[in-house]
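See structure below.
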Amino acid sequence: MPFRVTVIGTGYLGATHAACMAEIGHEVLGVDVDPEKVAALQAGRAPFYEPGLEALLAKHVAGGRLRFTTSYEEAAAFGDVHFSCVGTPQAKDGYAADVRHVDAVIEELAPHLKRPCLVVGKSTVPVGTASRLADRLAEIAPVGELAELAWNPEFLREGFAIEDTLSPDRLVFGVRSDTSRKTLEEVYRPVIDQGTPVVVADFPTAELVKTSANAFLATKISFINAMAEVCEAGGADVSKLAEALSHDERIGGRFLRPGVGFGGGCLPKDIRAFMARAGELGVDQALTFLREVDSINMRRRTRTVELAREQCDGQFLGRRITVLGAAFKPDSDDVRDSPALNVAGQIQLMGGDVTVYDPKAMDNARKSFPSLGYAQSLEDALQGAHLVLLLTEWDEFRTLDPELLRDVVAVPRVVDGRGVLDPAQWRQAGWTYRALGRP
């Protein structure tokens with residue numbers, strides 16, 4: 001049965017969720033406080049790059065199943081189910097999550113809720129947040145306790161967000177009543193009917209699933225990067241080490257790729273918020289290992305800069321450095337906590353003439369790092385380079401032809417910060433090839 005669904009917050013999570021809720025058959029109203037963003041979405045334009053999203057938005061806006069507003073009052077009157085999809089960035093004064101936007105959704109929406117409904121949080125929040133919000137919702141909603149809260153954490157991967165919404169590997173429902181559980185099951189019925197597992201839990205467990213998953217993945221990435229440090233010291237090849245480990249079914253190969261480390265708007269801030277919340281709960285020692293996970297990750301950026309300087313005979317002054325990649329990962333224009341831009345910025349501060357190129361993230365990169373140089377094309381970026389750093393593994397970078405590029409650059413030297421190029425091919429073509437943790 002189709003529901004009337006609102007999606008509050010139309011950033012990366014919210015815009016994707018709104019389009020996908022329309023795709024599975026619901027009538028959807030997206031809500032955002034930014035009139036310009038609402039106007040763009042209402043015109044079928046995505047405010048960021050995500051493969052397939054703009055086409056999905058345009059399809060359902062044109063078909064009338066999806067529209068957008070700035071009015072909480074309109075949202076309350078429209079919706080049977082309200083999804084809260086606002087951000088929880090790292091607080092400016094510490095590691096903790098800033099949940100002001102999550103609180104604001106309840107404060108703005110609840111006073112207009114005059115009939116039974118379900119409010120569903122999808123944001124990544126500190127454990128204990130949902131219980132607090134449920135009490136506040138019942139306190140200020142005119143309908144009282146008939147406005148229920150549930151928690152349904154998201155597990156989106158940038159570049160695969162539509163797939164992860166329509167065909168997720170699991171759904172987690174944090175609920176306090178059978179009514180809430182049944183409502184969520186019906187909202188997601190088309191997804192569940194294709195075999196998606198459903199985990200029904202209490203609020204704290206549902207909140208911890210996302211933070212625990214991100215902590216585990218971050219740990220796995222930092223583990224192999226720690227092994228890269230050992231490999232460099234011992235003369236071993238971390239890529240072969242990772243390959244050997246991946247054949248162990250207990251370990252697996254996913255997230256076991258050595259390189260410049262992780263970034264983006266989720267993993268870094270989520271593991272820090274997790275540590276902060278553990279401290280508030282008096283169990284900070286349980287997560288002290290995450291401090292080293294974070295430290296290893298940040299060290300990879302510094303080591304990449306050191307490796308680049310070694311390739312430039314110890315100094316960047318007077319050298320033209322090309323950085324391929326600005327987004328924190330391929331198939332995204334997200335530059336939040338981007339390792340590529342962090343490395344580029346460090347090299348520029350050391351005197352390097354840095355030029356950045358990325359297929360999709362150039363506009364966002366310019367806003368975050370306006371002092372860096374930016375090329376209009378891959379060819380322009382490589383022209384006359386004394387060193388090339390591959391720091392975001394876009395397919396067009398993976399498939400570069402070293403033979404063709406050798407005469408474009410000033411000096412054929414490359415640092416493969418993602419370990420995706422074939423060392424033998426590049427060396428045979430006359431390039432000096434270096435990568436983290438590889439001889």
Side-chain angles (χ1 to χ4, degrees), residues 5-18 21 29-34 37-38 69-73 75-76 79 81-113 117-141 147-156 165 172-176 180 184 201-215 264-278 280-281 336:
V5 171
T6 75
V7 177
I8 302 169
T10 58
Y12 182 81
L13 167 60
T16 303
H17 194 67
M21 287 293 101
L29 179 64
V31 185
D32 203 285
V33 297
D34 184 343
K37 186 184 291 186
V38 165
T69 184
T70 59
S71 171
Y72 275 93
E73 186 174 5
V81 179
H82 306 278
F83 284 97
S84 174
C85 297
V86 294
T88 53
Q90 184 174 328
K92 294 180 180 180
D93 58 353
Y95 275 8
D98 181 350
V99 296
R100 288 178 298 170
H101 301 304
V102 175
D103 290 344
V105 169
I106 299 300
E107 296 297 326
E108 294 292 334
L109 177 67
H112 303 293
L113 297 177
C117 62
L118 182 63
V119 178
V120 186
K122 291 194 69 66
S123 308
T124 304
V125 295
V127 61
T129 302
S131 180
R132 177 175 60 80
L133 293 178
D135 293 343
R136 182 61 177 163
L137 176 64
E139 177 186 349
I140 62 177
E148 291 193 73
L149 186 83
W151 217 260
N152 168 222
E154 58 88 10
F155 303 100
L156 303 190
T165 304
V172 177
F173 299 157
V175 295
R176 282 181 169 175
S180 297
L184 281 172
D202 54 33
F203 283 172
T205 304
E207 291 167 314
L208 281 169
V209 171
K210 177 62 184 295
T211 49
S212 299
N214 278 354
C266 287
L267 286 190
K269 63 99 175 173
D270 285 352
I271 64 171
R272 293 165 190 161
F274 201 9
M275 286 188 280
R277 184 57 177 152
E280 293 169 355
L281 294 172
R336 290 176 294 176

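- Put simply, the side chain of Cys117 reaches to within 4.5 Å of the side chain of His82, judged on heavy atoms.
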Quiz item: After noting the C-alpha distance and the side-chain angles of Asn214 and Thr211, does the key distance pass the side-chain hydrogen bond (donor to acceptor under 3.5 Å, both in side chains) rule?
Solution: CA-CA 5 Å; Asn214 278 354; Thr211 49; over 6 Å; no

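- Nearest heavy-atom pair, Ala150 versus Leu184, reported as atom, atom and distance to 0.1 Å: CB-CD1, 3.8 Å.
- Under the 3.5 Å distance criterion, the side-chain polar atoms of Thr129 are left unmatched by any main-chain donor or acceptor of Val125.
- Across Pro153 and Ala206, no two heavy atoms sit closer than the pair CG-O, 3.5 Å.
- Side-chain contact check for Leu13 versus Leu156: some heavy-atom pair is nearer than 4.5 Å.
- To the nearest 0.5 angstrom, Phe83 atom CZ is 6.0 Å from Asn152 atom CG.
- The residue from Leu118, Leu137, Val120 that alone fulfils the side-chain contact (heavy atoms from CB on, under 4.5 Å) condition with Leu149 is Leu137.
- Between Phe274 and Leu208 the shortest side-chain heavy-atom distance falls below 4.5 Å.
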Quiz item: Passes salt bridge (Lys or Arg N to Asp or Glu O under 4.0 Å), Asp103 versus Arg132? Steps please.
Solution: CA-CA 10 Å; Asp103 290 344; Arg132 177 175 60 80; 3.1 Å; yes

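- For the pair Thr205 (side chain) and Asp202 (backbone), a donor-acceptor distance under 3.5 Å is absent.
- Applying side-chain contact (heavy atoms from CB on, under 4.5 Å) to Trp151 and the options Val175, Leu133, Val119 leaves one that passes, Leu133.
- When every heavy atom of Gly174 is checked against every heavy atom of Phe203, the shortest pair comes out as O-CE2, 3.3 Å.
- Distance check: Ile140 CD1 to Ile106 CD1 gives 7.5 Å after rounding to the nearest 0.5 Å.
- Nearest heavy-atom pair, Thr6 versus Ala75, reported as atom, atom and distance to 0.1 Å: CG2-O, 3.5 Å.
- Taken to the nearest 0.5 Å, the CD atom of Glu108 stands 10.5 Å off from the OG atom of Ser71.
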Self-check item: Full working for side-chain hydrogen bond (donor to acceptor under 3.5 Å, both in side chains) between Arg176 and Ser131
Solution: CA-CA 10 Å; Arg176 282 181 169 175; Ser131 180; 2.9 Å; yes

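- In summary, of the residues considered (Thr124, Thr88, Asp98), a side chain to side chain donor-acceptor pair (under 3.5 Å) with Lys269 occurs for Thr88 alone.
- Looking only at distances, no side-chain donor or acceptor of Arg272 sits under 3.5 Å from a matching main-chain atom of Gln90.
- Nearest heavy atoms, Leu113 versus Ala147: CD1-CB, 4.1 Å.
- When side chains are defined from C-beta on, Val172 counts as touching Phe155, because their heavy atoms get closer than 4.5 Å.
- How far CD of Glu207 is from CZ of Arg277: 8.5 Å, rounded to the nearest 0.5 Å.
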Exercise. Step by step, work out the side-chain contact (heavy atoms from CB on, under 4.5 Å) result for Val127 and Leu281.
Key: CA-CA 9 Å; Val127 61; Leu281 294 172; 3.6 Å; yes

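- Remark: Glu73 CD is loosely packed, at most 12 non-hydrogen atoms of other residues, nucleotides or ligands lying under 6.0 Å away.
- Remark: Tyr72 OH to Leu109 CG distance equals 7.0 Å, nearest 0.5 Å.
- With a 4.5 Å cut-off on side-chain heavy atoms, Val7 and Val31 do not count as touching.
- Heavy-atom minimum distance, Cys85 versus Gly14: CB-CA, 3.7 Å.
- In this structure, the separation between CD on Glu154 and OH on Tyr12 is 8.5 Å, given to the nearest 0.5 Å.
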